[in-house]
Structures are given as structure tokens and as C-alpha cells.
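Read through the structure below, which is laid out as C-alpha cells, and then see the notes.
So that the names make sense, note that chain A is the first sequence line, chain B the second, and so on, each numbered from 1.
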Amino acid sequence: MANKFYITTPIYYVNASPHIGHSYTNIAADILARFMRQRLGRENVWFLTGTDEHGQKIQKAADEANLSPQEFVDKVVVQFKYLWEKLNISYDDFIRTTEFRHILTVTRVLEILKNKKPTPDIYEAKYEGWYCIPCETFWPKTQIEEKLCPDCKRPIEEISETNYFFRLSNYQGWLIEYIEANPGFVQPANRRHEVLSFLKLNRLTDLCISRPKERLSWGIPLPFSPQHVTYVWFDALINYISAVGTFDKDGKYISGWWGKDTQVVHLIGKDILRHHAVYWPIMLHALNIEFPKDMTIFAHGWWMMGQDKMSKSRGNAVAPLDMADKFGIDTYRYFLLRDVPFGLDGNFSEESIIKRFNSDLANDLGNLVYRSLTMVEKYFQGKIPQEGVLNEQGKRIKASIQALSTEPDLALNIGFNFSLGLEKIWNLIAMANKYVEETKPWNLVKEAKTTELEAFIRLLVDVIKAVADAIYAFMPDTAKSIKEQFGDQEIKKGSPLFPRIDTKPKN
RNA sequence: CGCGGGGUGGAGCAGUCUGGUAGCUCGUCAGGCUCAUAACCUGAAGGCCAUGAGUUCAAAUCUCAUCCCCGCAACCA
């Protein structure tokens, strides 16, 4: 295991407000960051998120809002930051592609690749193809029928212009070998297969990384051609290194978060897999940047709204804040990571949230906490008793508490298999509920078996504290609240953590 | 013949790589208990694991074929 951990989210394109998809990625990243901080120490974890602020769509959205692009992005960024704060996203750094540090690094990358000896990785060439002027979009020949734009159905023009290209094609063989030699690089496995089969069945064409300024001015100027700005994706991917390091005079990349001792995780949605699994590693390789000890690109699935994709055009996008306000931040975080195995698509509905809330949070966890508090209060006047001699069941539970924090399997699984990790925690909660049932403390009270009762209650409290530690990464507020209610010596009972949501129609 | 994913009790899913009594959650039904948020615990009903063929002592799991659903198909986050 590496001793440092660097996790990133995509930088979000700020042409619109955030939806649950954005929040899903950031919550997952936040959980991993918190989880790793518990294990490696706070100073050994770096969590980066940010925003992608250049490009045509931003320029267009800004025009429509009657603002300059900079004014426009400044405004939208506030929404993202506000959301992350509300959702308890504990990022260490927030990068914006319009920041100086980023622009500087992108400029250096372009220079280094352009001046590379003996063969530059960036070259100039004529681009020829179809272009729809109203849509400002290029179309490959294969998508064109009858010389009409596939999008708006208006006539398109064949154009020819000078652009700059990044020599992706040179590195195809290298990339295939790299991915095959590093099974953990692209995850989950089915995405890895997807990328590999794509690479094996197609010939990569070089990536056009420039846009003529007369068409698009909102971007980072090419240092070797003032008439062009950088293509947004090429600009955007570089954020992962521009945020945590710099290039020295000789073009060597220096960073405290990109060494052989660091595990790097790029969390992304499956829609941007190709950019991350193809363009990005080739860019790093072309720049002679050494790969970290462990590097993973993990593509998670999408949230569907019933059978439909979530999209603005369908008008079915859900605002994360609405859900968090309605059900609570921790409930929202729990639901997203528990309901669907990370990597697969899921179905989003308020009904499923309520189901999870009532059964897992209210009935299992909330009720366990509450009934335990009541017992400490009633049987011991709020004082937490000392440890005592345990019966067989008690010993088993104690072993499970240990396992929760040390079992390598669990730690590993929580890494990306969030739902399984939560399931294991909930197994312990179920054990505790069963322990209460079978010990029947109410009988121990009647029979005045105080020693047994003390041992029982103490273990129950210990289980709950262990659960609180285990769920901390997922539900930080809830963990904190549980810890506050169960002190070292005595309890401080509050109201139920998750009051059941009544779904039965009232008569 | 483009590429990939999926089709498992009423619902949602795991299991498939590394064949060997089909598992989880919710729901339903019956019972127990009272510390608790009508919560908790126990038990039960319910599946020819899409279809057909093959390999094998043995197939949800491997092979082939077929049907159905869903993504992706390159300058569009």
C-alpha cells in the first residue's frame, strides 16, 4: 500500500448548474478521501476537485446570459462550491482552469510537447471536414447524410483550416501494453475491456488540440500560435497535474503528490472514460511524467430516472440540494453509495430513498442507537458501565468489531465497492440488534443480574462506537452525532437520528 | 456479422472470472418480545437462474446459437 493518496474528481463543466451526477462523483471521492485519512493520516491525503471553464459552450452560455465568459463562470462556480460545502465534501483544493497556475502549466505542456526532440508531439496540419456554422460544430464524414447537420438539420459546409494536432497515434501500442500490464489502471474490469477492445479494433487518429480564435476566443492561447486557443479537453485533463505540481526549467514535472509513493485515483463517470483512459495516459507518457505507484481511473455508472437518462432536455434532472434538504445530507450520501454497486447504473427515485431511509437508517441503525441510549439511561442512570465477562455471542461480536477496522478484505472492498462495505457494517448492526433480543436485558433487570447486564450494555455501546467510526467516511455528521451521544463515561441522549418517514396514507 | 453491458422468486440486486446443496434487501404471511422510531427477533410461502443445443459425474456459472432490453460508435463534459 502506498503511503500517500491523491484523489481527484472530474473538473465540472460550468455551463449549467450541478445535478445529482456531479454530486455522486464528489460524494464518492469524499468518502474515499475520508476513509484514507483515517488510515494514512490527514497529511497524507490530497483531495482535488474543480471546474472546467473554457470552451465554446461556456462562451455561448455567457453570451445568452449577457455576461462576459469570466463573469459567467465566476457566478456558476459559486453554485458548485456552495453545493460541496452543503454536502460535506472535504476537498483540499479546488482548481479552476481559468486560474493562473493552470494556464501556466498548460502553456508549459504545450511548449514541451511542441519542442520535443527529435519528433515533436504537436504538429501543424490542415483540418478538412464538415462544419455546421449555426451549431459551431464539426462533424465527421460518417455522420453526415445529405450534407445536413445531424443536430439541427441545416446545411453544413466543407471547410479547411490550419490546426494543431497531438500525436496520439504514436502511442497506441504503448498504451495497449500499459493497460494490459496494469490491470488496476482502468476499473471496473468491464470498462477496462471496453477500452482495450476499442484500442485494438481502431486506429487512433491524432487529436486536434486547437481552435481558431476567430471562432472561439474563450480558451488558453497556444504559446506558438496566437491565432489559436487550446481545445478544452486537452486543457482540462492537465488540471490533475497543474493543481499539485509544476514543470522545472528542463521540463521535468515536480510534485509532492505524483511520486512512486503515491496512489492516484481519478474518479470519473463512464461518459468520459475515453478521454481519461486514452488521451490522459498518452499525454503523461509523452511528457515523460513517471506514473505513480498505483494509478487508477475508475469509471462509475449513471443515475437513471426510471428508464430515462437524466438530462436537461428531458427536464428530469434532480437538484442535489433539494434531496439533501428533504432527506438530510447523510441520508442522501448513504443512499447514493448504498443502493447501487459502484460502477453500475442505478435508478434514482424518492421512493427508493425513503425505503433505504426507513429500513436501513431508521429501523436498523437509528433504532439501535436509540434503544441503547434508553437502556443506559434506564438501567444505569446514563453512566456507561465497565467491560465485563462476555458470553459466546458477546465474544463473537467483539471479534467482529475488531474485524471491522482491521480486516483487509473490508478495507479493500470499501476502496471501490462502497455498497459492499456498507453491507458489512450493517451486518454488525444486525448482530447488535440480535444480541439485544437474545440477551433480553429486561429479564436481567428483573432478575437483578447486574454483572451480566453491565457486560452486555458495555459491549452494546462499544459496537455502536465502532459503527460510528466505520460510517464516518460515509456519513460524517451522523458519526459525529453518535459519538457525542455516547461519551467516555456517560451518555447524552438526543432525539432519534432518523425519524421514520411515514408513507402509509392517512385515513 | 461494428463494440460493450444486461436478462436470477412480487420488486430491486449479488452470485458467473476460479462449475458442485440458488443468496441478500424490500414486500407478503405467521409467531415472539417490550429496551426501542408500529421499530427489533424467529419462522414460512414464493425461482424450470431469457430460450435452445453442447461439454461434464455435475452448469445460473464453461462453449455455440437465438430472442429481448440498454449504452457507445471519436474533436459532443
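- Per the geometry, CD belonging to A:Glu438 stands 7 Å off P belonging to B:U42, to the nearest Å.
- Set against B:A36, B:C35, B:C75, the side chain of A:Tyr231 has B:C75 as its closest nucleotide.
- A distance of about 29 Å separates the P atoms of B:C57 and B:G15, rounded to the whole Å.
- With a 3.5 Å limit on both pairing distances and Watson-Crick or G-U wobble geometry required, the stems of 3 or more pairs in RNA chain B span B:2-7 with B:67-72, B:10-13 with B:23-26, B:28-32 with B:40-44, B:50-54 with B:62-66.
- Comparing A:Asp360 and A:Thr374 along RNA chain B, the residue whose closest nucleotide (by nearest heavy atom) sits nearer the 5' end is A:Asp360.
- For the contact set between residues 448-458 of chain A and RNA chain B, defined by any heavy atom under 4.0 Å, there are no members.
- Among the nucleotides B:C24, B:G71, B:C35, the one closest to any side-chain atom of A:Lys270 is B:G71.
- On the P atoms, B:C13 is 34 Å away from B:A58, given to the nearest whole Å.
- Minimum interatomic distance between A:Leu175 and A:Pro281 (heavy atoms only, all atoms of both residues): CD1-CG, 3.7 Å.
- In this structure, A:Leu207 reaches neither bases nor backbone, as no heavy-atom distance under 4.0 Å exists between it and the strands shown.
- Between A:Phe80 and A:His22, the ring-plane angle classifies as perpendicular under the 30° and 60° cut-offs.
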Can you tabulate the close N/O pairs, meaning under 3.5 Å, that link protein atoms to atoms of nucleotides 1-9 of chain B?
from: B:C3; atom 1: O2'; to: A:Ser197; atom 2: OG; distance (Å): 3.3

Would you tabulate the nitrogen or oxygen pairs shorter than 3.5 Å linking the protein to nucleotides 30-33 of chain B?
from: B:G32; atom 1: N2; to: A:Glu437; atom 2: OE2; distance (Å): 3.4

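- No hydrogens or angles considered: a donor-acceptor pair under 3.5 Å links the side chains of A:Tyr332 and A:Ser23.
- Side-chain N/O atoms of A:Lys355 include none lying less than 4.0 angstrom from OP1 or OP2 on B:A11.
- Atom NE2 of A:His275 is separated from atom C1' of B:C76 by 8 Å (rounded to the nearest Å).
- If you take CD1 of A:Ile501 and P of B:A39, they are 13 Å apart, rounded to a whole angstrom.
- Between the CG atom of A:Leu460 and the P atom of B:C41 there is a distance of 13 Å, given to the nearest Å.
- Looking only at side-chain heavy atoms (C-beta outward), A:Arg338 and A:Trp426 stay at 4.5 Å or farther from each other.
- The ring-ring contact (aromatic ring centres under 6.0 Å, His included) check on A:Tyr435 picks up A:Phe456, with sequence neighbours excluded.
- Looking only at side-chain heavy atoms (C-beta outward), A:Leu267 and A:Phe342 come within less than 4.5 Å of each other.
- Of all nucleotides listed (B:C76, B:C41, B:C35), B:C35 comes nearest to the side chain of A:Val436.
- Contact annotation for A:Tyr379: backbone-only contact, meaning every heavy-atom pair under 4.0 Å involves sugar-phosphate atoms and none involves a base.
- Atom name P, nucleotides B:U25 and B:G43: the rounded distance is 12 Å, in whole Å.
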The test is ring-ring contact (aromatic ring centres under 6.0 Å, His included); show your working for A:Phe72 and A:Trp218 and say whether it passes.
CA-CA 12 Å; A:Phe72 177 78; A:Trp218 185 237; 9.9 Å; no
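- Taking the side chain of A:Lys446 as heavy atoms from C-beta on, and the options B:U25, B:A39, B:U34, the nearest nucleotide is B:U34.
- With B:C72, B:C24, B:C26 as the choices, the nucleotide that has an atom nearest any side-chain atom of A:Arg274 turns out to be B:C72.
- Between the P atom of B:C76 and the NE2 atom of A:His54 lies a distance of 17 Å, rounded to the nearest Å.
- Taking atom P in both B:C48 and B:A73, one finds a spacing of 39 Å when rounded to whole Å.
- Residue A:Asn358 has no polar side-chain atom (N or O) positioned under 4.0 Å from OP1 or OP2 of B:A39.
- Put simply, CG on A:Leu373 is 11 Å from P on B:U37, counting in whole angstrom units.
- Of all the heavy atoms in A:Ile209 and A:Leu110, the pair that sits closest is CD1-CD2, 3.8 Å.
- Using a 4.0 Å heavy-atom cutoff across all strands shown, A:Pro499 reaches at least one base atom of the nucleic acid.
- Nucleotides B:A50 and B:G12 have their P atoms positioned 15 Å apart, rounded to a whole Å.
- Counting to the nearest Å, the C1' atom of B:A36 and the CG atom of A:Leu497 are 13 Å from each other.
- Side-chain polar atoms of A:Tyr231 and A:Asn163 form no donor-acceptor pair below 3.5 angstrom.
- Residue pairs meeting the salt bridge (Lys or Arg N to Asp or Glu O under 4.0 Å) criterion with at least one member in residues 365-380 of chain A, sequence neighbours excluded: A:Arg371-A:Glu437, A:Glu377-A:Lys493.
- For B:G46 and B:G5, the P atoms lie 36 Å apart once the distance is rounded to whole Å.
- Whole-Å rounding puts the A:Leu204 CG to B:A74 P distance at 14 Å.
- Between A:His228 and A:Thr162, the shortest heavy-atom contact is NE2-O, 2.9 Å.
- Residues A:Thr97 and A:Asp235 bring no donor and acceptor atom of their side chains to less than 3.5 Å of each other.
- Heavy atoms from other residues, nucleotides or ligands lying under 6.0 Å from CD of A:Glu351 number 12 at most.
- Atom P of B:A22 sits at a distance of 31 Å from the matching atom of B:U66, rounded to the whole Å.
- With A:Tyr13 as the aromatic partner, A:Lys57 does not meet the cation-pi criteria of under 6.0 angstrom to the ring centre and within 45 degrees of the ring axis.
- One side chain, A:Gln59 or A:Ser217, offers a donor N or O that lies under 3.5 Å from an acceptor on the other.
- An OP1 or OP2 oxygen of B:C76 is reached within less than 4.0 angstrom by a side-chain nitrogen or oxygen of A:Arg211.
- A salt bridge links A:Lys270 to A:Asp345: one of the charged nitrogens lies within less than 4.0 Å of a carboxylate oxygen.
- For the pair A:Arg203 and A:Asp271, both in contact range of RNA chain B, the more 5′-proximal nearest nucleotide belongs to A:Arg203.
- Atom CZ of A:Phe166 is separated from atom OG1 of A:Thr205 by 12.5 Å, given to the nearest 0.5 angstrom.
- Residue A:Asn367 places its side chain closer to B:U37 than to any other of B:U37, B:C75, B:C35.
- The residue A:Asp345 sits apart from the nucleic acid: no heavy atom pair falls under 4.0 Å.
- Distance check on atom C1': B:C17 versus B:A36 gives 45 Å, rounded to whole Å.
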